[in-house]
Amino acid sequence: MSDAAADFLSGLTEPQRQAVEHIDGPLLILAAAGSGKTRVVTRRVAHLVSVGVPAWSILGLTFTNKAAGEMRERIGSLLAGDPRMMRGLTVTTFHSLCARLLRRYADEAGLKPDFTIYDMSDQSALMKRVIGQLDMNTGNWQPRSVLGAISNAKNELKDAAAFAAEAGDYYSKKIAVVYTAYEKALRAANAVDFDDLLVLTAKMLREKTGVLAECHARWKYLMIDEYQDTNHAQFVIASMLAGEGEVLPGLEDASSGPNICVVGDPDQAIYGWRGADISNILDFEERYSGAKVIKLGENFRSTGPILGAADGLIKHNALRKDKPLFTTSEGGEPVDVVLCRDEEHEAGLVVDRFRRERDDDGLAWKDMAVLYRTNALSRALEDAFRKEGVPYVIARGTAFYEREEIKNAVAYLRVVANSADGVSLRRIVNTPTRGLGKASLDRIESWAMGRGLTMMDGLRAAKEVPDLTARAVNASGRFVSLVDGLTGGGSFMGVDAPGSLADLVLRVIKESGLEAAYEKQAKTSKSETDEERLENLSELVSSAASFEAEYEPESDPAAFPGADVLEGGGSAPTPHLLSLLRAYLESIALVADADAVDPAQGAVTLMTLHAAKGLEFPSVAVVGLEEMLLPHARAFDNEASLEEERRLFFVGMTRAMRSLLVTSTRYRTVRGRLERTIPSRFLEELPIEHIRLSDQSHDDGFDDDPDPDAVRAGSSGRGWGRSSYDAAASMRSMGAGGSAGVPAGIEPGARVRHPQFGTGRIVEVWGGRSARAKIDFDEVGVKTLVLEYARLRTV
DNA sequence: AGAGGCAATTTTTTT
DNA sequence: AATTGCCTCT
């Protein structure tokens with residue numbers, strides 16, 4: 001063994017070393033939270049390469065782009081001696097890989113290579129039309145729930161025909177009809193949804209032996225992270241790629257099984273709701289009878305109390321094989337569990353604690369994270385962080401692309417890349433308004449559909465469409481030439497339009513009139529949001545520019561580089577603008593919220609518990625430990641989902657290295673309504689010896705320092721959570737604090753402060769039970785607010 | 001055609 | 001609170 005190979009083994013525990021050294025045959029790594037999984041996986045890859053396995057024959061699959069990027073980076077630094085050894089290494093997400101394979105083998109998959117990937121809002125838009133066209137009532141058949149049913153079917157690899165064949169009851173039969181029509185509409189739009197990426201790839205790998213053979217020729221070593229969260233479709237894809245089909249009964253043994261290495265932890269399975277099947281990991285040993293199983297149990301991340309508390313919690317999962325969590329590290333503060341008055345109090349508490357930890361314990365903002373069950377909980381936290389001037393970042397990778405103006409610009413790009421994309425076309429055909437109203441568009445559409453043409457074809461042939469006004473024909477013509485101009489003369493395919501991707505994006509923004517429309521609005525209404533929109537649009541141009549700068553066509557897993565690239569030498573061809581555009585749109589479609597986590601930002605990270613999986617922070621706060629929230633109301637009906645909620649909390653707790661705060665509030669504003677809450681049952685499951693309870697929900701005001709007596713007060717018994725609570729007293733104290741309820745002195749002429757709108761003067765007050773006030777705010781103008789919910793304070 | 005206003009509604013998590 | 005959809009007014 002070379003010295004380099006030996007390096008990858010230094011400082012490892014025995015089981016870690018075994019995992020790193022494993023080369024051929026199936027391997028299951030059961031990696032408990034904080035057990036050094038990433039370290040092991042990256043070193044194993046580096047080790048494989050160092051013993052002569054070509055990097056291009058290794059395929060690593062993760063769930064988020066960020067995880068993939070990190071893994072690639074860490075492998076890169078392990079192999080820093082020779083960057084060329086990384087050549088052709090593929091580490092990517094399931095969805096990315098599938099998208100690339102489907103483009104490369106579009107024919108075999110029954111697609112066209114320029115297909116669009118529809119996100120959830122595209123899917124809803126399409127589904128609404130489909131349901132409407134079937135003359136079904138969107139009230140009775142909600143796009144969301146229908147899509148949910150279809151998604152479940154797809155995850156089990158049931159296509160519309162199979163679904164229809166099984167459908168017995170009226171409801172299922174109806175869904176089957178919608179499913180069929182929805183699929184037809186997707187294909188007509190030359191589009192696939194998220195599930196299709198997996199489904200169509202699985203189908204292709206099963207049915208097209210030629211494709212599978214090429215994949216086998218390329219990838220000899222398969223590695224899958226977070227295996228406990230794979231669904232059936234992903235399981236099939238993994239099995240096919242691993243060469244499972246080649247293992248004949250009776251021939252499998254320890255050395256001849258496929259080179260598939262899966263890594264996961266059943267205690268961190270949190271995606272059951274989207275079809276993840278925990279039995280994939282539980283049955284791995286059975287499926288690959290020669291599989292080597294390595295358990296990484298020792299935790300290197302958290303202090304004893306944090307780990308003890310998390311262990312005590314997860315033990316309450318009855319459907320779980322008991323597995324001790326242990327650490328050799330000593331000391332550590334107990335887990336703080338604090339009962340707060342409301343979300344404002346809770347957020348203030350978190351900010352105070354973080355500030356203290358930064359000032360006294362030498363932590364940096366980037367070392368801290370707040371985790372919550374639902375995105376809605378971020379608001380109160382944001383307000384507090386902003387108010388206190390503490391830098392924070394919300395992990396919502398998709399947020400930018402969900403903005404109106406960005407969606408509009410991206411829709412133009414999508415139509416440029418795929419003119420059949422009806423959902424995007426409909427979005428932009430009259431945005432900004434160009435005189436093509438609903439009536440004209442309906443006429444054009446029915447004309448086109450009657451002929452089996454796309455909407456774009458209809459626009460192109462507007463002159464022939466009956467009953468169109470001259471104005472509509474004219475507008476159609478202008479729209480068509482706009483798009484043709486952007487595609488470089490209507491024959492983008494095969495012809496490289498001049499300019500870069502960023503230029504194209506810029507042209508879209510200008511030539512579409514989007515920029516002008518927002519500029520006009522910004523001038524007339526003087527609102528800041530339109531200024532912001534313009535800034536966002538130019539940020540989109542920058543993002544396109546940096547995508548272009550970083551894009552490496554040869555790193556495309558479906559590029560299947562020829563010998564010249566794999567063996568070195570040969571320069572990569574200049575990417576065609578259209579393929580660049582496709583790749584860019586694909587990267588936009590496949591961003592994950594977790595991708596936005598960037599510790600380099602020097603800010604506290606706010607994110608959902610789901611997004612936190614795989615990360616670690618010296619200091620963590622998990623907020624909102626209340627019944628209906630964590631566990632979530634939706635999880636009450638069955639034990640399995642309740643246990644998933646518990647795992648979710650477990651995942652949150654085990655992100656913490658040194659400091660963990662868990663909070664619950666007595667009252668929480670839900671959809672604008674102040675509601676009484678019940679502390680989460682999970683709090684009572686935390687072992688008392690590892691936690692420090694503190695009921696601060698009765699405290700008045702906004703004390704910065706926790707009351708040391710209050711800390712002791714809660715620890716006497718375990719009944720503090722559920723019933724012994726004086727709601728009236730709490731309401732009184734809140735009134736005094738002025739943070740909720742209707743403060744006195746709300747009358748015309750009075751000056752008040754609103755948490756969002758700032759200060760203003762009351763113009764008018766009326767109404768009895770749900771009294772409202774008209775308030776003239778200094779910054780944002782006149783607004784009418786319901787006093788009960790407005791959180792006004794007199795100034 | 002299209003903007004703006006009002007009423008109803010709100011199933012968490014995400015690739 | 002905030003978003004979405006429906007409806008009216010210009």
Side-chain angles (χ1 to χ4, degrees), chain A residues 61-68 92-99 117-121 123-124 128 138-139 142-145 147-148 151 154-155 192-198 226 229-231 233-234 270-276 371-380 395-398 402 404 430-441 469 471-472 475 521 525 586 589-595 607-613 624 628-637 641 644-645 647-648 651-652 669-674 754-757 783-786 788-791:
Chain A
L61 292 176
T62 62
F63 276 78
T64 65
N65 301 299
K66 179 168 179 281
T92 187
T93 67
F94 261 104
H95 290 263
S96 264
L97 175 79
C98 290
I117 300 170
Y118 275 2
D119 66 20
M120 276 193 311
S121 70
Q123 287 179 53
S124 306
K128 263 176 221 157
T138 46
Q142 288 184 353
R144 251 201 158 160
S145 63
L147 280 169
S151 178
K154 285 189 176 183
N155 285 331
V192 300
D193 63 23
F194 280 127
D195 297 321
D196 283 340
L197 290 172
L198 304 176
E226 308 285 10
D229 286 325
T230 50
N231 63 28
Q234 287 165 321
I270 54 176
Y271 282 104
W273 52 273
R274 70 173 193 203
L371 313 180
Y372 37 79
R373 178 69 238 261
T374 70
N375 280 303
L377 297 200
S378 73
R379 177 167 296 280
R396 274 216 105 195
T398 51
E402 279 165 9
E404 285 296 310
N430 200 32
T431 308
T433 55
R434 45 174 71 88
L436 268 172
K438 193 179 177 301
S440 305
L441 289 173
T469 61
R471 187 183 174 191
Q521 278 181 47
S525 67
E586 191 173 294
L590 299 179
V591 280
D593 284 345
D595 296 340
M607 66 189 141
T608 63
L609 287 159
H610 283 91
K613 196 177 62 164
M628 315 294 276
L629 208 47
L630 185 59
H632 194 271
R634 255 296 295 224
F636 283 141
D637 42 2
S641 52
E644 182 157 307
E645 296 290 304
R647 289 194 294 269
L648 201 47
V651 166
T669 311
V670 183
R671 287 203 279 266
R673 216 155 277 259
L674 186 69
H754 183 274
Q756 259 116 62
F757 304 138
K783 296 211 179 270
T784 300
L785 303 172
V786 178
E788 193 183 345
Y789 310 124
R791 291 188 291 174

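Throughout, protein chains are lettered first and strands after them, A, B, ... in sequence-line order, and every chain is numbered starting at 1.
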Task: Euclidean distance for C1', B/dT11 against C/dC6 (whole angstrom) - done: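 The answer is 23 Å between these two C1' atoms.
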Open item on the list: Say we look at C/dT4 and B/dT13: how far apart would their P atoms be, to the nearest angstrom?
Closed with: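 Their P atoms lie roughly 14 Å apart.
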Counting side-chain heavy atoms from C-beta on, which of [options] comes nearest to [X]?
X      : options                : answer
A/W273 : B/dT13, B/dT11, B/dT15 : B/dT13
A/R144 : B/dG2, B/dT11, B/dT15  : B/dT11
A/H610 : B/dT15, B/dA1, B/dT14  : B/dT14
A/T433 : B/dT13, C/dG5, B/dA3   : B/dA3
A/T608 : B/dT10, B/dT11, B/dT13 : B/dT13
A/N375 : B/dT15, B/dT14, B/dT11 : B/dT14
A/A592 : B/dT12, B/dT14, B/dT11 : B/dT14
A/T374 : B/dT12, B/dA1, B/dT15  : B/dT12

Under 4.0 angstrom, heavy atoms only, what part of the nucleic acid is [X] near: base, sugar-phosphate, or nothing?
X      : result
A/A439 : sugar-phosphate
A/K613 : nothing
A/V670 : nothing
A/T398 : nothing

Task: Identified side-chain contact (heavy atoms from CB on, under 4.5 Å) partner of A/I270 from the options A/E645, A/E226, A/K613 - done: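 Testing each of A/E645, A/E226, A/K613 against A/I270, the sole residue satisfying side-chain contact (heavy atoms from CB on, under 4.5 Å) is A/K613.
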Using whole Å, report how far [atom1] of [X] lies from [atom2] of [N].
X      : N      : atom1 : atom2 : result
A/N231 : B/dT15 : CG    : C1'   : 10 Å
A/K438 : B/dA1  : NZ    : P     : 10 Å
A/Q142 : B/dA8  : CD    : P     : 17 Å
A/R671 : B/dT11 : CZ    : C1'   : 9 Å
A/Y372 : B/dT13 : OH    : P     : 10 Å
A/M628 : B/dT13 : CE    : C1'   : 16 Å
A/F194 : B/dT15 : CZ    : P     : 8 Å
A/F94  : B/dT14 : CZ    : C1'   : 15 Å

Just wondering, do [Y] and [X] contact through their side chains at under 4.5 Å, heavy atoms?
X      : Y      : answer
A/M628 : A/V670 : no
A/R373 : A/T608 : no
A/Y271 : A/T230 : no

Task: A/H95-B/dT15 aromatic stacking (under 5.5 Å, under 30°) - done: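 By the stated criterion, A/H95 and B/dT15 do not stack.
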- [ ] Mark this stacking check for A/Y271 against B/dT14 as yes or no, applying ring centres under 5.5 Å and ring planes under 30°.
- [x]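 Per 5.5 Å and 30° rule: no stacking.
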Task: Pairwise 5' ranking along DNA chain B for A/L441 and A/T93, keeping only the more 5' one - done: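 Result of the comparison: A/L441.
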- [ ] Specify the residue among A/D195 and A/A472 whose closest nucleotide of DNA chain B lies further upstream toward the 5′ end.
- [x]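 Nearest nucleotide further toward 5': that of A/A472.
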TODO: Return no unless some side-chain N or O of A/N430 is found under 4.0 Å from OP1 or OP2 of B/dA1.
DONE: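 For B/dA1, neither OP1 nor OP2 has a side-chain N or O of A/N430 closer than 4.0 Å.
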Task: Flag, side chain of A/D593 to backbone of A/A395, donor-acceptor distance under 3.5 Å - done: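 A pair under 3.5 Å: no.
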TODO: For the pair A/F194 and A/H95, name the ring-plane relationship: parallel under 30°, tilted 30 to 60°, perpendicular over 60°.
DONE: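 Rings of A/F194 and A/H95: perpendicular, as their planes differ by over 60°.
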